[in-house]
Every structure is written in structure tokens, then in C-alpha cells.
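Reminder, nothing fancy here: chain letters follow the sequence lines and each chain counts from 1.
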There are 2 protein chains.
Amino acid sequence: MSGTVTIGEAARRTGVSAKMIRWYEETGLLPPAPRSEAGYRHYGPADLHALRFIRRARDLGFGVEAIGELLALWHDRARPSAAVKALALAQVGELRQRIAELEGMARSLEHLARTCCGDGRPDCPILDDLAAEAAPPPARRRRRLADETGRIARDIARKAR
Amino acid sequence: MSGTVTIGEAARRTGVSAKMIRWYEETGLLPPAPRSEAGYRHYGPADLHALRFIRRARDLGFGVEAIGELLALWHDRARPSAAVKALALAQVGELRQRIAELEGMARSLEHLARTCCGDGRPDCPILDDLAAEAAPPPARRRRRLADETGRIARDIARKAR
DNA sequence: GTGGACCTTCCCATCATGGGAAGGTCAAGG
DNA sequence: CCTTGACCTTCCCATGATGGGAAGGTCCAC
């Protein structure tokens with residue numbers, strides 16, 4: 001087992017917690033690690049490399065599903081870069097959408113806060129706004145832009161073969 | 001029971017789903033609704049008003065805890081508007097922080113995508129970046145800016161009494 | 001009196017992450 | 001050899017806000 005490390009050491013060296021490493025294995029993002037006789041997982045240099053890859057992707061906001069696709073493309077030496085680019089741009093789109101939502105909230109709140117004098121008196125335009133009778137709203141809808149784009153990325157990879 | 005509506009009607013009129021109304025009651029954000037003999041919850045105009053208040057706050061990105069504080073301030077006719085403003089500004093701060101995080105991710109990804117030609121060839125700067133050996137990173141830390149600011153808002157409310 | 005729309009509670013899933021318990025393993029030092 | 005402490009294992013539970021669905025009771029209009 002020379003050249004391999006335990007899960008704790010792998011966590012320290014990659015910035016992915018031991019809990020998450022086990023979880024990635026459990027959910028199939030990573031293949032099961034080889035075990036010592038006592039049942040301890042052991043990780044070699046290639047495994048550490050994959051863990052750092054995952055961590056970097058995670059820091060860029062990719063979800064596990066997308067990370068799985070990225071890993072597959074990484075291991076596929078014949079992948080078309082267009083497939084990777086499609087995933088990246090889909091992720092950018094999702095990020096931009098979430099940013100736009102948050103930006104809208106922040107702007108509304110900033111506007112409200114600007115109109116509130118913020119002293120000891122009870123009059124408060126912020127609460128007045130929250131309590132305003134609004135038109136019966138059509139509820140909110142969301143999600144799953146990524147599913148579609150993941151399919152597109154897979155199509156690109158398939159067509160290129 | 002005239003003037004009161006069932007949970008489904010309340011959901012329709014306020015844009016808060018029946019599931020969430022029950023959940024708000026269960027977690028103490030709302031007081032238990034009065035029941036009919038058969039156990040059906042019934043909601044009057046004031047309840048609908050509160051539900052719309054919650055929905056509006058939710059749409060501005062407030063968490064349940066903050067919404068609870070806002071509701072308390074709403075019902076406290078002697079509240080200082082400064083307390084409300086503090087909560088609103090804390091929420092703006094949280095939103096701005098999350099926006100900054102997402103913005104950083106989006107910018108990095110956009111840069112990577114720009115350097116990737118995105119054709120049928122396998123060379124891909126995006127994957128190269130993800131796979132790059134990075135300095136052993138100090139892991140991520142987050143959260144709890146709101147706890148602190150919630151305390152500040154409560155301090156303001158207390159001092160004003 | 002029946003059908004269908006509605007209500008109730010209870011359980012489960014999400015997504016990525018952490019906390020903690022109970023128990024086994026390993027290495028170093030006495 | 002034995003203890004100690006650091007480490008590993010699995011298993012369960014929690015998060016926040018939301019939805020899905022099952023099993024069963026209720027209401028109302030026809």
C-alpha cells in the first residue's frame with residue numbers, strides 16, 4: 001500500500017472532507033476505493049487528482065450530476081471540447097439566472113430601506129410594503145434548466161463519435 | 001365560521017401552498033389555526049394578511065427566522081423602524097454576499113469558456129483547469145452573518161423600549 | 001347516496017453537508 | 001504486553017424550504 005493514503009489524509013490533501021469522499025463513493029460519483037484488510041479505504045495519486053478535480057468543479061458551482069458528466073468527459077480522451085464548453089456555458093446560465101433573482105431581491109430591499117428613516121419611531125415603509133395587499137399572485141416556478149443542457153452536452157459528445 | 005376559508009382557499013388567495021401553511025404552523029411561525037369540528041383549519045382575513053406578508057418576505061429572500069422577527073415587529077405597534085431597517089439591511093448584505101460568490105464563479109467559468117474553442121477536438125482548457133494541481137487549499141467556510149445582525153436588530157428594538 | 005373535490009396526518013425525497021454515537025484499528029511510548 | 005489517543009468504519013439524524021404521494025375522513029351538489 002505504499003504511495004496510498006487514508007481517507008483523512010486524502011481529505012487534508014484535497015480539501016474535500018472525509019464525509020464527502022465517502023458520500024461521493026456511495027452515490028457513484030467515484031468508484032469504490034480499495035480497502036485494506038481492516039476495511040480502511042486507501043487512495044493513490046490518481047484518486048487525489050480526481051478529488052481535487054471534483055473540488056474545483058464544486059467551487060465553480062457545479063452540481064454533483066454535472067460533476068459526474070465532467071468527470072466522464074475528463075476520462076474520455078476523445079471527447080469533443082464542445083461538450084465541455086456546453087456544460088460550462090449551461091452552468092454560467094444557471095449562475096446568471098440565480099444572480100438575477102438575488103439582484104432583484106437586493107434592489108427591492110435597498111429601495112425599501114432607503115425610504116425608511118430608521119429611527120426610534122414605529123412608522124416603517126418596509127413593513128408597510130410587506131403588509132400591502134397584493135394582487136393574488138400566480139405562485140412561483142423554477143429549476144431544471146440544467147437537465148436540458150446536460151442532454152445537449154451528451155448529444156454533442158455522441159455525435160462527435 | 002362565516003368569513004373564514006379552508007387551507008386550500010387560503011393557499012389560492014395568498015400564493016403560499018397548503019403544505020407550506022401547515023409547515024409554518026408546525027414550526028411556530030404561525031399560531032395554530034382554529035379547527036372546525038371535523039378538524040379542518042380555517043383562516044380569517046387577518047390570517048390571509050399574515051400569509052401574504054410571509055409570502056412577500058419570502059420573495060425578498062428572507063429566511064424563516066428573519067420572517068419570524070419581521071412578523072413580531074409587524075405586530076409590535078411600538079417597534080422602532082430602525083429595527084426593521086437593520087433586518088432589511090442585513091438581508092441585503094447576505095444577498096450581496098451570495099451574489100458576489102456566484103458572480104466570481106460565473107466570471108471564472110466565462111473566462112474558461114472563452115478560452116475553449118468548443119469544436120470536435122478533445123483539447124479543452126476547461127478540463128485542463130479543473131484538473132490542474134492546485135495548492136492544498138484551506139477548505140471553505142461560510143454562513144452566519146444573519147445571526148449576528150438579527151441580534152443587532154433585537155438590540156435596537158429592546159433599547160427603544 | 002354517491003362522486004369528486006377537498007381535508008387530515010404521516011412518510012419520504014430533495015442537495016450537499018456536517019454532527020455524533022458505537023465500535024474496530026493502528027502506532028507509539030511506557 | 002498494554003494503554004492511550006488518533007484514526008477508521010458504519011449508521012442515524014439534521015439542516016431549509018419545498019413538493020410528492022398514500023391512506024383515510026369530510027363536505028357538498030347532483
Self-check item: Value in whole Å for how far the C1' atom of C:dT25 lies from CZ of A:R41
Solution: 15 Å
Practice problem: Using atom types as modelled and distance alone, determine if a side-chain donor or acceptor of B:Q91 lies under 3.5 Å from a backbone N or O of B:G61. | Solution: yes
Self-check item: For DNA chain C, the residues among residues 19-29 of chain A that have a non-hydrogen atom under 4.0 Å from it
Solution: A:K19, A:M20, A:W23, A:Y24
Quiz prompt | Partners meeting side chain to side chain donor-acceptor pair (under 3.5 Å) with B:S108 (sequence neighbours left out) | solution = none
Distances under 3.5 Å only, N/O to N/O: pair up the protein atoms with those of nucleotides 27-30 of chain D.
none

Quiz item: Taking atom P of C:dC15 as reference, at what distance in whole Å does atom CZ of A:R98 sit?
Solution: 13 Å
Quiz prompt | Minimum-distance pair of heavy atoms, taken over all atoms of B:L102 and A:R98 | solution = CD2-NH2, 3.5 Å
Quiz item: In degrees, rounded to 10°, what is the bend between the two ends of the helix from C:dG1-D:dC30 to C:dG30-D:dC1, using five pairs at each?
Solution: 30°
Quiz item: According to a strict under-4.0 Å criterion, is A:R35 in side-chain N/O contact with OP1 or OP2 of D:dT10?
Solution: yes
Quiz item: Taking only residues two or more places apart in sequence or in another chain, which ones pass salt bridge (charged side-chain N to carboxylate O under 4.0 Å, His left out) with A:D47?
Solution: none
Quiz item: What pairs with B:R22 under side chain to side chain donor-acceptor pair (under 3.5 Å), at least two apart in sequence or on another chain?
Solution: none
Quiz item: Could you state the CZ-P distance from A:R55 to C:dA16, rounded to the nearest angstrom?
Solution: 16 Å
Quiz item: Do the side chain of A:S81 and the main chain of B:D119 share a donor and acceptor less than 3.5 angstrom apart?
Solution: yes
Quiz item: Which listed nucleotide (C:dA16, D:dG19, D:dT9) is nearest to the side chain of A:V64?
Solution: C:dA16
Just the atom pairs and distances: protein N or O near nucleotides 1-4 of chain D's N or O, under 3.5 Å.
none

Quiz item: Considering only D:dC8, D:dT18, D:dG19, which nucleotide approaches the side chain of B:S17 most closely?
Solution: D:dG19
Quiz item: If every non-hydrogen atom of A:R55 is compared with every non-hydrogen atom of A:V16, which pair is closest and at what distance?
Solution: CB-CG2, 3.7 Å
Exercise. Measure from CG on A:L30 to P on C:dA16 and round the result to the nearest Å.
Key: 14 Å
Quiz item: Thinking salt bridges, do B:R107 and B:E103 make one under a 4.0 Å N-O criterion?
Solution: yes
Self-check item: A:E9 CD - C:dC26 P separation (whole Å)
Solution: 17 Å
Quiz item: Taking only N and O in the side chain of B:T6, is any of them less than 4.0 Å away from OP1 or OP2 of C:dC7?
Solution: yes
Exercise. Report the residues that fulfil salt bridge (charged side-chain N to carboxylate O under 4.0 Å, His left out) with B:R41, sequence neighbours left out, ordered by chain and then residue number.
Key: B:E25
Quiz item: How long is the line joining CD1 of B:I67 and C1' of D:dA17, in whole Å?
Solution: 10 Å
Exercise. Nearest whole angstrom, please: distance from the P of C:dA16 to the CG of A:L51.
Key: 16 Å
Quiz prompt | Sequence neighbours excluded - ring-ring contact (aromatic ring centres under 6.0 Å, His included) pairs with any residue from residues 46-73 of chain A | solution = A:H49-A:W74, A:F53-A:W74
Exercise. Can you sort out the partners of A:A38 under side chain to side chain contact (heavy atoms under 4.5 Å, CB included), two or more places apart, ordered by chain and number?
Key: A:S36, A:Y40
Indicate every side-chain donor-acceptor pair of residues 109-118 of chain A with a distance under 3.5 Å to a residue at least two apart or in another chain.
unit_1: A:E110; atom_1: OE1; unit_2: B:R96; atom_2: NH2; d: 3.0
unit_1: A:E110; atom_1: OE2; unit_2: B:R96; atom_2: NE; d: 3.1
unit_1: A:E110; atom_1: OE2; unit_2: B:R96; atom_2: NH2; d: 3.3
unit_1: A:T115; atom_1: OG1; unit_2: A:L112; atom_2: O; d: 2.8

